[in-house]
Amino acid sequence: PFSFGVEGGLAVPTSTLGNDLNSGYSVGGLLDLHPAPGPLSLRLEVGYDRFDYKATYETLAAQQIGVNYSSNTHFLRGTANLVYRLPNMSGIRPYITGGVGVYNNSHGSTLQYAGYTSSSSSTSTTKFGINGGVGVELPLSGITPFIEVRAHGVQTDYTPVTYVPITVGFRF
């Protein structure tokens, strides 16, 4: 009636995030609940997605005089999703998924100069968001590897942001 799993991969910032952030990474865990036989299940997930800010003219100029500044943003998320599995196609089973969740967005930065490091965290907000995507799984005996592409959309304090994790995972 249930399975659990892990996933990880590349996270690509889109919309306004893509202007300021480099691609990052995504990791997560999941619990897939199958209450009845059939193609529909409920998936509960927790995940972490991190992106570093792109270098600006100012940060590159600061590096020339020995000042190193880096900054990142990350999302800690908990989501509830419906998963609809399509019929097997030559042993591979495609599926679609979508749901809602809670996303905590935090920003952090580090400044280094002459061997001194100053680290600070600027803001943290928690907002609701939505997600949806597609994937394929290869059901094997005892383990199910999968590949998934999903879009996440979150309304932050300033603007709606979206990003797309491309992950590989295993369900047990």
Side-chain angles (χ1 to χ4, degrees), residues 1-18 20-54 71-108 121 123-156 159-172:
F2 70 92
S3 60
F4 65 94
V6 294
E7 63 182 339
L10 175 70
V12 179
T14 58
S15 70
T16 56
L17 282 182
D20 300 326
L21 301 174
N22 293 314
S23 293
Y25 64 88
S26 178
V27 294
L30 60 97
L31 176 64
D32 212 15
L33 305 169
H34 308 271
L40 196 60
S41 67
L42 173 66
R43 182 185 289 179
L44 304 175
E45 296 178 327
V46 294
Y48 177 81
D49 310 293
R50 179 188 160 123
F51 307 92
D52 289 332
Y53 280 90
K54 293 179 179 176
S71 185
N72 67 70
T73 189
H74 54 269
F75 292 89
L76 181 60
R77 58 184 157 80
T79 61
N81 306 288
L82 290 176
V83 179
Y84 183 79
R85 288 175 177 79
L86 301 166
N88 278 346
M89 297 184 333
S90 301
I92 296 174
R93 187 169 46 202
Y95 62 90
I96 57 175
T97 183
V100 297
V102 176
Y103 295 75
N104 178 269
N105 179 224
S106 298
H107 304 278
S121 181
T123 62
S124 177
T125 60
T126 302
K127 301 289 184 180
F128 288 101
I130 60 173
N131 71 84
V134 296
V136 294
E137 57 188 17
L138 180 62
L140 303 172
S141 180
I143 188 170
T144 303
F146 63 90
I147 298 172
E148 186 173 277
V149 177
R150 193 182 314 187
H152 292 268
V154 183
Q155 176 64 49
T156 65
T159 181
V161 297
T162 58
Y163 61 96
V164 178
I166 304 164
T167 58
V168 174
F170 300 95
R171 278 197 357 258
F172 306 95

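Just so you know, residue 1 is the first one in the sequence shown, and it goes up from there.
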Inset, instruction - Might you confirm whether atom CG of Leu44 has over 12 heavy atoms from other residues, nucleotides or ligands at distances under 6.0 Å? - result: yes
Inset, instruction - Output, in order, the C-alpha distance, side-chain angles, deciding distance and verdict of side chain to side chain contact (heavy atoms under 4.5 Å, CB included) for Phe75 and Asn104. - result: CA-CA 5 Å; Phe75 292 89; Asn104 178 269; over 6 Å; no
Legend entry - Residues which pass side-chain hydrogen bond (donor to acceptor under 3.5 Å, both in side chains) with Asp52, listed by chain and number, not counting sequence neighbours: Arg50
Legend entry - Exercise: identify the closest heavy-atom pair between Gly132 and Arg150: O-CG, 3.1 Å
Inset, instruction - Determine, step by step, whether Val154 and Asn105 satisfy the side chain to side chain contact (heavy atoms under 4.5 Å, CB included) criterion, reporting the C-alpha distance in whole Å, the side-chain angles of both residues, the deciding distance to 0.1 Å, and the verdict. - result: CA-CA 9 Å; Val154 183; Asn105 179 224; 6.0 Å; no
Only distances under 3.5 Å count here; give the side-chain donor-acceptor pairs of residues 164-172 to other protein atoms, sequence neighbours excluded, each with its distance to 0.1 Å.
from: Thr167; atom 1: OG1; to: Glu7; atom 2: OE1; distance (Å): 3.1
from: Arg171; atom 1: NE; to: Ser3; atom 2: OG; distance (Å): 3.1
from: Arg171; atom 1: NH1; to: Glu137; atom 2: OE1; distance (Å): 2.5

Legend entry - Gap separating the CD1 atom of Ile96 from the CG atom of Asn81, nearest 0.5 angstrom: 12.0 Å
Legend entry - Heavy-atom closest contact (Glu148 atom, Thr97 atom, distance): OE1-CG2, 4.3 Å
Legend entry - Donor-acceptor contact below 3.5 Å, side chain Thr73 vs main chain Ser106: yes
Legend entry - Close side-chain approach of Val136 and Phe146, heavy atoms under 4.5 Å: no
Legend entry - NE2 on His34 to CZ on Phe2, rounded to 0.5 Å: 10.0 Å
Inset, instruction - Compare every heavy atom of Tyr48 with every heavy atom of Arg77, then report the nearest pair and how far apart it is. - result: NH2-N, 4.4 Å
Legend entry - Nearest heavy atoms of Tyr95 and Ile147, plus distance in Å: OH-O, 4.1 Å
Legend entry - Distance (rounded to the nearest 0.5 Å) between Ser26 OG and Phe51 CZ: 7.5 Å
Inset, instruction - Tell me, with the steps shown, if Ser41 and Asp32 meet side-chain hydrogen bond (donor to acceptor under 3.5 Å, both in side chains). - result: CA-CA 7 Å; Ser41 67; Asp32 212 15; 3.1 Å; yes
Legend entry - Nearest heavy-atom neighbours spanning Leu82 and Leu42: CD2-CD1, 4.4 Å
Legend entry - Atom CG of Leu33 with >12 non-hydrogen neighbours under 6.0 angstrom: yes
Inset, instruction - Starting at CG of Leu21, measure out to CG of Asn72 and round the result to the nearest 0.5 Å. - result: 9.0 Å
Inset, instruction - Check whether any side-chain heavy atom of Ser23 lies under 4.5 Å from a side-chain heavy atom of Pro13, and answer yes or no. - result: yes
Legend entry - Heavy-atom pair of closest approach, residues Gly91 and Leu138: O-CD1, 3.3 Å
Inset, instruction - Name all residues meeting the side-chain hydrogen bond (donor to acceptor under 3.5 Å, both in side chains) criterion together with Tyr53; count only those two or more places apart in sequence or in a different chain, and write none if there are none. - result: His107
Inset, instruction - Indicate the ring-plane relationship of Tyr103 and His152, choosing parallel, tilted or perpendicular according to the 30° and 60° boundaries. - result: perpendicular
Inset, instruction - Mark yes or no for whether Thr14, through its side chain, and Thr162, through its backbone, hold a donor-acceptor pair below 3.5 Å. - result: yes
